[in-house]
Amino acid sequence: MAADLVYPSTSDTSPHILLHPLALIAIDDHVSRSGIRRTGPIVGALLGRNNGKEIIAEQTFECGSKKLNGGQIDQSWFSRMVKLQSEIHPALSLIGWYTVGSEPQPWHTGIQAQLKDSFECDSPIFLLYQPQVFKDNAVNGRLPFSMYEGIITQTHDDGDMDVDYKQGSVPPMKFRSISYSLETAPDEAIGLADIMQGASTAIAIAGTSSSSKETDKSKGKAKEQPKEIFTPEEDEQTVLSSIKTKYNAVKMLQSRLDLITAYLKAQPASYLTDASLSPADSTSPIDHEVIRSIAALAAELQLTSPAKLVELTKETQQAKTDGKVLQLLAQLTEHASDVKMLGRRVHVAEPRRRKEAAGQPSMPGLEGLNDWS
Amino acid sequence: MDSEWAKWEAANGIKELVDPTRDALYNFDEANQKAFKSSKVWKTDPNYFKNVRISSSALLKMVTHARSGGTIEVMGLMLGALHGDTFVVTDAVRLPVEGTETRVNAQDEANEFIVNYLELLRDSGRPENPLGWYHSHPGYGCWLSGIDVATQANWQNFDDPFLAVVIDPERTMSQGKVEIGAFRTYPENYKPEAVDSDQMIPQEKAKDFGMHYNRYYSLDVSYFKSTLDTEVLSRLWNKYWVSTLSQNPLLSNRDYTTKQIKDIAAKITEAVTQQREPKSMSAGVPGPISKDPSDKDMVKITRASRRLDVHQQAGAIAADVKDEIFTAPIPEK
Ligand SMILES: [Zn+2]
């Protein structure tokens, strides 16, 4: 039934979608909130830019559950919302919509048509968020959604073909799968990294000074006694979290390399290098495309060792030396501060020492200072 | 409706996506919120609110908004709920206002938008309350200016509890870490105990900072994410780990480092001048009350240079790892 809704082949003329992770995280948020509050169904709009060849999905807004009736979005509510959104996102326009499910359903065509007919969204894209994807292993897991465009088809004896949509008759709508990739802005990546490393779960902690992430901020403690000149913990955290990120990335690289090695080892022996074998002997089919990519990767590795190694090394060395100089300067600054403190103490202690020494004939000298310290 | 949702929920496995405990902050208890608001318990203590927890979605929306403004200050509204001494920010929406730092009551222009937006949201079944406002300080750190203090005090007078959040998109980019601060103002007549700040304020903003720094306090900021986010993020990590290995922050952060060193140098010069002529008020920045105002300056300078050093160290580690993996000669067997 539902499978009939999906147009079997893809098309070269379909746009390619670039999806910003912000939109994905916003949909997460919508799904989590609806799941916890038990309100639904989950439907929202996608905002973005269309440059003809690519559609860039940047932002979303939610069509609240109360504004969805009989599989249709409340027309006047939606129009007002689109207008407000255009005030705050003047560069973006309505480019499509999203919902949650495992595959396209008949009611999806209703909203798809509504966007097209009532909201001047020429060829809406449809993002279907697919939670069932989470059942796969995350390491090789794909992202939990598919993208479609709607096409109007008419079935003739000679098969399906695209025709223009004509008012009056209601030709069946189908969804054609379209390709997408992620597009991450640098600021988005930083926000995501902070969330990956620093965000806690959304457990409610009533009325307490919360967060499993106490180490990070030393702000907000204005009332406490003056802090030490620096808090080693905070500094250590910065370095530590950067090492952790590197560690995870190296581990990832290692696991990918292991996978390739394991794959190659599992391949049958080659008849090209072993004369006792013949092409006919190979039992399991070899995926030549994969083997070729691996060979290409190995060949490329030779090329990527930098051609201007001397210059690169020099540049890297220079950056490191600069870093060391900075470290020395920081220490020097710290020492200057300590010396200043020492000077103050001497200033306080010296008159007292003189007074004590007043009756004695000895000259004021360094011995006294040493005694004091 | 309830049974319809149950059917939808079951068909799409949504129940398995959320965890009533781990995702508790995604709930919203309207009656509870109303009761808290009318209890006015926070009135007893000017420092009552101590924490801010921001959802992944709200954080990304604010960070990208701040960055999209470039060198122009932008402003937005935060939605969410109150949990004891904690502001829980669950959503953020942009406001059609710019250049907030130069005009008093710039947000008045957005009032019509706010009213319309909240009405549409409520109608559609989203009952969250406005919880605060955020704006950007491109390049000059997270604190409240004189105008910000006036705006925030105004909000706290008329729609308390209300929160001010400031994001610095430039420092976020150069540090590779979101630079964010959350603040509340003190009542007009309230005299806080000694306030200290480790902010590095550019020279041209120092006067504005110095005149108002004791009119507000900062809250502790942390982030939270949903069970679903955790799943999605681990999948996104599949795409990001490569860039983690390939970047070299020592090289990409040069401009920022240089700027910071220049700033520290300027502070040192100023501290030296003050040290030489302690009676002089020419610098115009009244330091926090202490026996010797230059002590506090020294602490700030030391801390800033120390922090810069730590970022360099982290950068050096990144460069070393990259070097070791990609350019070091393969050892002979
Ligand atoms: Zn400001």
Side-chain angles (χ1 to χ4, degrees), chain A residues 22 25-26 28-29 32-33 35-36 40-41 64-67 81 84 87-88 100-101 131 134 138 141 143 187-188 190-191 194-196 198-204 206-207 209-211 213 217 219-220 222-223 229-230 235 238-239 242 245-246 249 252 319-320 323 326-327 330 333-334 337, chain B residues 5 8 12-14 17-18 22-27 50-51 56-57 59-60 63-64 67 83-84 86 94 96 117 120 124-126 172 176 178 193 195 217-220 222-226 228-229 231-235 241 244-245 250 298-299 302-303 305-306 309-310 312-314 316 321:
Chain A
L22 166 65
I25 297 292
D28 273 358
D29 192 72
S32 300
R33 183 160 8 86
I36 285 289
S65 51
K66 287 189 182 164
K67 294 297 163 189
M81 194 51 141
L84 281 187
E87 273 184 54
I88 51 175
V100 180
F134 292 122
L143 288 166
D187 48 331
E188 234 175 346
I190 292 169
D194 274 16
I195 295 164
M196 277 188 216
S200 60
T201 62
I203 293 176
S209 306
S210 64
S211 104
K213 185 187 155 248
K217 295 270 155 150
K219 299 174 183 171
K223 297 183 300 179
I229 283 175
F230 64 88
D235 296 340
T238 309
V239 178
S242 115
T245 314
K246 294 287 156 197
M252 198 70 172
K320 278 188 199 164
L326 206 63
Q327 191 166 10
T333 316
E334 223 166 291
S337 182
Chain B
W5 167 246
W8 159 284
N12 295 307
I14 290 180
L17 301 179
V18 293
R22 283 158 49 91
D23 292 322
L25 292 183
Y26 289 86
N27 212 342
K50 296 185 175 61
N51 301 290
S56 51
S57 167
L59 181 73
L60 281 183
V63 168
T64 51
R67 167 94 165 132
H83 291 235
T86 304
R94 300 180 179 201
Y117 183 78
L120 286 184
S124 73
R126 289 275 309 272
T172 296
V178 177
E193 293 165 44
V195 183
Y217 70 97
S218 357
L219 289 79
D220 234 20
S222 61
Y223 315 134
F224 68 91
K225 57 179 189 268
S226 65
L228 206 49
D229 282 339
E231 281 284 0
V232 169
L233 288 171
S234 75
R235 277 151 212 270
W241 63 273
T244 305
L245 279 182
L250 280 188
M298 274 313 277
V299 170
T302 316
R303 209 177 281 159
S305 60
R306 172 83 197 169
D309 171 31
V310 166
Q312 286 287 309
Q313 282 182 40
V321 170

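A, B, ... follow the sequence lines: proteins, then strands. Residue 1 opens every chain. Every heavy atom of this structure was used, including side-chain atoms; hydrogens, water molecules and symmetry mates were not. If you're wondering where the values come from, they're calculated on a predicted model, not measured in any experiment.
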Taking every heavy atom of A:Ile195 against every heavy atom of B:Leu60, the minimum-distance pair comes out as CD1-CG, 4.0 Å

If one checks every heavy atom of B:Leu233 against chain A at 4.5 Å, the contacting part turns out to be both

So CG of A:Asp28 and CG of B:Leu17: to nearest 0.5 Å the spacing works out to 9.5 Å

State, to 0.1 Å, how close B:Val63 and A:Asp187 come at their nearest heavy-atom pair, and which atoms those are. CG1-O, 3.8 Å

Rounded to the nearest 0.5 Å, what separation is found between the CD atom of A:Glu87 and the CZ atom of B:Arg94? 13.5 Å

Pair count under 4.5 Å, heavy atoms only, with chain B: among A:Arg33, A:Met81, A:Glu188, highest is A:Arg33

What do the steps show when you test B:Phe224 against A:Ile203 for side chain to side chain contact (heavy atoms under 4.5 Å, CB included), and what is the final call? CA-CA 9 Å; B:Phe224 68 91; A:Ile203 293 176; over 6 Å; no

Considering non-hydrogen atoms only, spot the tightest contact between B:Asp309 and A:Ala330 and give its length. CB-CB, 3.9 Å

Between the CG atom in B:Asp23 and the CD1 atom in A:Ile36, the distance rounded to the nearest 0.5 Å is 5.0 Å

pair A:Gln327-B:Gln313: side-chain heavy atoms closer than 4.5 Å: yes

Do A:Glu334 and B:Arg306 pass the side chain to side chain contact (heavy atoms under 4.5 Å, CB included) test, and can you show the C-alpha distance, the side-chain angles, and the key distance before you say yes or no? CA-CA 8 Å; A:Glu334 223 166 291; B:Arg306 172 83 197 169; 3.8 Å; yes

By a 4.5 Å heavy-atom criterion (distance strictly below it), what part of B:Arg22 contacts chain A: side chain, backbone, both, or neither? both

Over all atoms of both residues, closest heavy-atom pair of A:Asp194 and B:Tyr223: CB-CE1, 4.0 Å

Looking only at heavy atoms and a cut-off of under 4.5 Å, which of B:Ser124, B:Ser56, B:Ala24, B:Pro96 has the most pairs with chain A? B:Ser124

Given the options A:Gly101, A:Ser32, A:Pro131, which has more heavy-atom pairs under 4.5 Å with chain B than any of the others? A:Ser32

Would you name the heavy atoms of A:Phe134 and B:Leu228 that are closest together and state the gap between them? CE1-CD1, 3.4 Å

Look at B:Asp229, B:Leu120, B:Val18 and state which one has the largest set of heavy-atom pairs under 4.5 Å with chain A. B:Leu120

Between B:Val178 and A:Gly191, the two heavy atoms sitting closest are CG2-CA, 4.0 Å

